Amino acid sequence: MQSDRLLLRGRLLTFNSEPQTPDDTSAFDYIEDGALLIEDGMILKRGTYCDVVAEAGCADIVDHRPNLLMAGFIDTHIHFPQVQIVASWGAQLLDWLNTYTFPEETRFASEDHAAAMACRFFDLLTNHGTTTAVAYCSVHKASAEAYFEEAEQRNMRMIGGKVLMDRNAPDGLRDTPQTGYDDTKALITKWHGKGRASYAITPRFAITSTPAQMEMAGALVAEHADCFVQTHLSENKNEIAYTLELYPEALDYLDVYQSYGLLSEKMLLGHSIHLEPREIDALAETGARPVFCPTSNLFLGSGLFDDAGLKARGITNAIATDIGAGTSYSMLQTLNEGYKILQLQDQKLHPFRAFHWITRGNAVALGMEDRIGTLDEGTEADIVVLNARATEAMALRMERAETLAEELFVLQMLGDDRSIDEVYVAGKAQKGKAPEIAAQAGGRKEPPVRDKELVLG
Ligand code: GUN
Ligand code: FE
């Protein structure tokens with residue numbers, strides 16, 4: 001008989017702060033033979049297997065050893081209507097939008113298409129270990145309805161919004177200041193705070209919104225201060241030049257958003273690459289969050305994100321895939337390309353900080369670290385099970401790995417969806433790959449252990 005309580009056994013890794021140096025082991029908890037007790041979608045208890053099993057009652061036990069259990073990954077910038085234009089050849093940002101992206105997004109006027117794509121999109125997220133995402137839907141209200149309905153069915157903590165765009169886009173892909181306002185308002189009323197959903201007010205970027213629409217976006221933000229706000233900032237040099245032509249009074253690109261009252265700690269600014277000193281000051285003062293999108297920035301040839309420079313100003317950077325300009329749904333592959341972008345600037349992305357970033361770090365950027373991003377007791381049971389030996393190349397490399405940091409770096413550079421052995425969303429297994437329920441607390445035989453233990457650091 002299956003109980004409502006679930007005990008996951010495995011190696012546990014969770015962060016309590018951002019690691020400041022490669023040997024900052026105080027930033028995380030690592031338990032070699034650990035366990036999580038889960039009930040009603042929440043983590044009830046975390047500890048050594050021995051301690052947790054003693055309190056587990058009749059919980060079913062799933063043994064994930066020797067794999068690593070971490071909080072589910074968080075993707076802070078992704079475009080739901082771009083699933084079928086990933087890997088479209090040749091262009092930089094503005095051409096890419098006009099040639100591939102905008103025509104594709106017109107298809108999301110159809111409710112049936114949006115619903116079918118939402119199902120595929122959420123499958124892709126969970127298969128890649130992502131349990132929370134912040135998504136742009138298309139301009140059509142129906143696309144946001146499809147997105148939130150799918151999230152609700154899966155009980156996922158998701159953030160999203162329909163894009164506001166009323167100019168410089170083809171027929172069928174523009175709203176008006178008033179319809180954009182009304183549709184957003186209706187979506188916020190219906191979805192924001194319902195179950196695990198949150199709304200993000202989403203002016204796509206300055207080029208596709210008239211000043212009248214930006215003013216309406218400012219009104220929405222003032223009326224719904226607890227909603228997120230998301231847009232794009234300074235991704236590409238031609239984009240910046242065109243923006244400043246369209247908004248001649250603006251001091252700089254960020255000032256367009258700032259002058260309409262959009263900036264706060266609730267705001268996520270995709271890319272934020274080519275920034276002026278005044279813009280960096282404004283980010284530091286308002287707490288708005290730049291979002292680093294490594295695979296996208298390389299794919300579109302956009303430029304190199306200055307992570308260290310922004311962090312030195314006390315700015316909280318998030319990290320994300322930016323599918324469909326990004327080329328992988330995997331936050332592991334995102335870290336891989338992020339590592340290389342920082343290398344080009346003589347900056348470092350150590351695996352401890354990398355894995356903090358895609359879990360607790362992004363949760364902090366969203367102000368949600370009390371609910372997601374860790375394996376802390378009392379938080380939501382969104383969990384990934386990571387296998388650092390998922391491919392032949394990884395397994396061969398792991399034969400020579402001595403430390404936890406090395407194992408994490410193998411995952412960071414070589415990992416992808418094949419390394420995600422299982423994913424739990426609010427305590428429910430999503431991939432169906434979890435080992436058979438091994439036993440119930442009480443009487444059970446010893447399962448396999450791994451060949452060697454790794455040291456920390
Ligand atoms: N700027 C405005 N819209 C988009 C988009 O869909 N993707 C990217 N990468 N940048 C944008
Ligand atoms: Fe984007």
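Everything quoted here is computed from the prediction, not taken from an experiment. Read the numbers this way: they start at 1 and go in the same order the structure lists the ligands and their atoms.
- The shortest contact between atom 10 (N) of ligand 1 and any protein heavy atom is with E235 OE1, 2.7 Å.
- Distances shorter than 2.8 Å separate the Fe ion (ligand 2) from the protein N/O/S atoms H77 NE2, H79 NE2, H232 NE2, D322 OD1.
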Contacts table for residues 83-91: side-chain donor-acceptor under 3.5 angstrom, sequence neighbours left out:
unit_1	atom_1	unit_2	atom_2	d
Q84	OE1	R107	NH1	3.1
S88	OG	I85	O	2.7

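- Closest to atom 1 (N) of ligand 1 among all protein heavy atoms lies H232 CG, 3.4 Å.
- Side-chain contact check for L254 versus L283: some heavy-atom pair is nearer than 4.5 Å.
- Note that the CG atom of L304 and the CG atom of L298 stand 7.5 Å from one another [nearest 0.5 Å].
- Using a cut-off of 4.0 Å between Lys/Arg side-chain N and Asp/Glu carboxylate O, D252 and R278 are scored as salt-bridged.
- Of the inter-residue distances, the one linking N362 atom CG with R289 atom CZ reads 11.0 Å to the nearest 0.5 angstrom.
- When non-hydrogen atoms are compared, ligand 1 lies under 4.0 Å from the side chain of D322 (C-beta onward) but not from its backbone.
- Those atoms of ligand 1 with a heavy atom of L97 less than 4.0 angstrom away are 2 (C), 3 (N), 4 (C), 5 (C), 6 (O).
- Residues E407 and L68 are in side-chain contact: their nearest non-hydrogen atoms beyond the backbone lie under 4.5 Å apart.
- Within the 4.0 Å heavy-atom criterion, neither part of I207 lies near ligand 1.
- With respect to the salt-bridge test (charged N to carboxylate O, under 4.0 angstrom), the residues K431 and D421 do not qualify.
- Every salt bridge (Lys or Arg N to Asp or Glu O under 4.0 Å) that R154 has, sequence neighbours left out, goes to D123, E150.
- Each of the following atoms of ligand 1 lies closer than 4.0 Å to a heavy atom of L93: 8 (C), 10 (N), 11 (C).
- Under a 4.0 Å criterion applied to the non-hydrogen atoms of A325, ligand 1 contributes the atoms 9 (N).
- Set against the non-hydrogen atoms of H271, the atoms of ligand 1 under 4.0 Å away are 9 (N).
- Proximity of E239 to ligand 1, defined as any heavy-atom pair under 4.0 Å, is not found for any part of the residue.
- Listed by chain and number, the residues in a side-chain contact (heavy atoms from CB on, under 4.5 Å) with A320 are D75, T76, H77, V291, C293 (sequence neighbours excluded).
- Under 4.0 angstrom from ligand 1, the non-hydrogen atoms of W96 all belong to its side chain.
- Annotation: the span from D95 atom CG to Q92 atom CD amounts to 8.5 Å, rounded to 0.5 Å.
- Ring geometry, H232 versus Y136: the interplanar angle falls from 30° to 60°, so the pair is classed tilted.
- F148 and W191 have their aromatic ring centers within a separation under 6.0 angstrom.
- Backbone and side-chain nitrogen or oxygen atoms of R204 are examined, and one is located within less than 3.5 angstrom of a nitrogen or oxygen of ligand 1.
- Taking only nitrogen or oxygen atoms, main chain and side chain alike, E105 does not reach within less than 3.5 Å of ligand 1.
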